[in-house]
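These notes concern the structure reproduced below.
Please read these numbers as outputs of a predicted model, since none were measured by experiment. We use all heavy atoms of the structure for the numbers below, so side chains are in, but hydrogens, waters and symmetry mates are not.
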Amino acid sequence: GSHGLGQQLYQKLVSKYCQRYKNFELLIVDKDIISQDNCAFNVHFLQHDFIKRIGDKIDYFSSQKYTYKIVINNCGTRIEFHDFLQSWQNSSKFLDLLHINVISACDLLYILKPDYIITVSSILSMISPKNGFLYSSTKNMVSNMHESYVQMENKRGILVLPGQLKGTDLFKKFEPMFKGNFKQVVSPLVSIDSLSDEIVQAMGKLENKVIVKPYYGFFIKILLFTPFWLQKVLRMLSSVDAVED
């Protein structure tokens, strides 16, 4: 909740719900401290780095008798983007990535047992860049976790599959996919303001849906079923394999 998309969601949820409804409580779990100035009384903060298991830190909230519970899994990080051999030289980093991107989300669902979940994954959960398989694999796992959870009886949720987000630190050094003069048309950076608006609006209606931004994400899966020679051409045009730290 302290940066990027999480901060946008936090601010909009406070404005739309916490300040208007006394029986709506919001818990923010983040490793960075958030200013509590001018916050509603029903907004709670818990400082925690998800590189470690959260354990009993949220026992108080898990024991409360809430009428309806929503969990937003927006925790995520990445490690350097290099090819397979170079990435696996320091494979211990992958365990940290798993804890932050996947295990944190699973722990929150297991402990809180929400009625509704919002899972922020990535378009890269559907395709792996040559140099980003570790990150992509964790995003694929959290997408599969979401699918499994919402298939349980009376569970609902939103799976968010964004491309590169505008104004965030995660991929600020990277060019958007589809380099060239037309990249802003084919592969625009995703506005965290408009994306958070869409998430909050869908959450307000308790919709079951998948949000994919930008539109090229709808065609990613098709790439896997094309002939290999065509895959090579499309991957080259997209610059997906050119990304490297």
Would you kindly check if the NZ (Lys) or CZ (Arg) of Arg20 is within the cone defined by 45 degrees around the ring axis of Phe24 and under 6.0 Å from the six-membered ring centre?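 No - Arg20 does not lie over the ring of Phe24 by the 6.0 Å and 45° rule.
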Against the six-membered ring of Tyr110, is Lys113 placed for a cation-pi contact (under 6.0 Å from the centre, within 45° of the normal)?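 The answer is yes; both the distance and angle limits are met.
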Audit row: Leu13, Ile72, side chain to side chain contact (heavy atoms under 4.5 Å, CB included) steps and yes/no: CA-CA 11 Å; Leu13 290 173; Ile72 303 177; 3.8 Å; yes
Transitively linked via ILVMFWY side-chain contacts under 4.5 Å: [X] with [Y]?
| X | Y | answer |
| --- | --- | --- |
| Tyr66 | Ile70 | no |
| Leu9 | Leu206 | yes |
| Val43 | Val29 | no |
| Leu26 | Phe61 | no |
| Leu85 | Phe133 | yes |

Closest heavy-atom contact between [X] and [Y]?
| X | Y | result |
| --- | --- | --- |
| Leu223 | Thr226 | O-OG1, 2.7 Å |
| Thr119 | Met145 | OG1-CE, 4.0 Å |
| Arg78 | Leu97 | CA-CD1, 3.6 Å |
| Ser121 | Pro162 | O-CD, 3.4 Å |
| Asn208 | Gly157 | OD1-N, 2.7 Å |
| Asn131 | Asp83 | OD1-N, 3.1 Å |

Show your working on side chain to side chain contact (heavy atoms under 4.5 Å, CB included) between Glu80 and Gln86 and close with a plain yes or no. CA-CA 10 Å; Glu80 295 83 1; Gln86 190 173 354; over 6 Å; no
Can you find a pair of side-chain heavy atoms, one from [X] and one from [Y], that are under 4.5 Å apart?
| X | Y | value |
| --- | --- | --- |
| Arg156 | Asp115 | no |
| His99 | Lys52 | no |
| Val160 | Ile118 | yes |
| Leu124 | Lys139 | no |
| Ser137 | Ser128 | no |
| Gln64 | Glu25 | no |
| Ile117 | His146 | yes |
| Asn101 | Val142 | no |

Roughly how far, to the nearest 0.5 Å, is [atom2] of [Y] from [atom1] of [X]?
| X | Y | atom1 | atom2 | value |
| --- | --- | --- | --- | --- |
| Ile127 | Leu224 | CD1 | CG | 7.0 Å |
| Leu5 | Asp193 | CG | CG | 10.5 Å |
| Ile158 | Glu207 | CD1 | CD | 7.0 Å |
| Ile111 | Ser63 | CD1 | OG | 12.0 Å |
| Leu46 | Lys57 | CG | NZ | 6.0 Å |
| Leu161 | Met126 | CG | CE | 5.0 Å |

Can you tell which of Ile103, Val102, Leu109 makes a side-chain contact (heavy atoms from CB on, under 4.5 Å) with Cys106?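 Only match with Cys106 under side-chain contact (heavy atoms from CB on, under 4.5 Å): Val102.
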Got more than 12 heavy atoms from elsewhere within 6.0 Å of [atom1], [X]?
| X | atom1 | result |
| --- | --- | --- |
| Lys232 | NZ | no |
| Tyr68 | OH | yes |
| Tyr60 | OH | no |

How far apart are the C-alpha atoms of Leu98 and Met141, what are their side-chain angles, what is the distance that settles it, and do they pass the side chain to side chain contact (heavy atoms under 4.5 Å, CB included) test? CA-CA 9 Å; Leu98 274 175; Met141 290 173 70; 3.7 Å; yes
Are the side chain of Ser136 and the backbone of Gly132 linked by a donor-acceptor contact shorter than 3.5 Å?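 Yes, Ser136 side chain to Gly132 backbone: donor-acceptor pair under 3.5 Å.
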Side-chain (Asn42) to main-chain (Cys18) donor-acceptor, under 3.5 angstrom: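 Present.
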Report the C-alpha distance between Met203 and Lys16 in whole Å, list the side-chain angles of each, state the deciding distance to 0.1 Å, and finish with yes or no for side chain to side chain contact (heavy atoms under 4.5 Å, CB included). CA-CA 12 Å; Met203 188 199 85; Lys16 187 170 184 177; over 6 Å; no
Checking Ser104 now: which residues fulfil side chain to side chain contact (heavy atoms under 4.5 Å, CB included) with it, not counting sequence neighbours?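 Partners of Ser104 under the side chain to side chain contact (heavy atoms under 4.5 Å, CB included) test: Phe50, Cys75.
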Could you point out which residue of Gln7, Gln201, Lys12 forms a side-chain hydrogen bond (donor to acceptor under 3.5 Å, both in side chains) with Ser196?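 Single side-chain hydrogen bond (donor to acceptor under 3.5 Å, both in side chains) partner of Ser196 among Gln7, Gln201, Lys12: Lys12.
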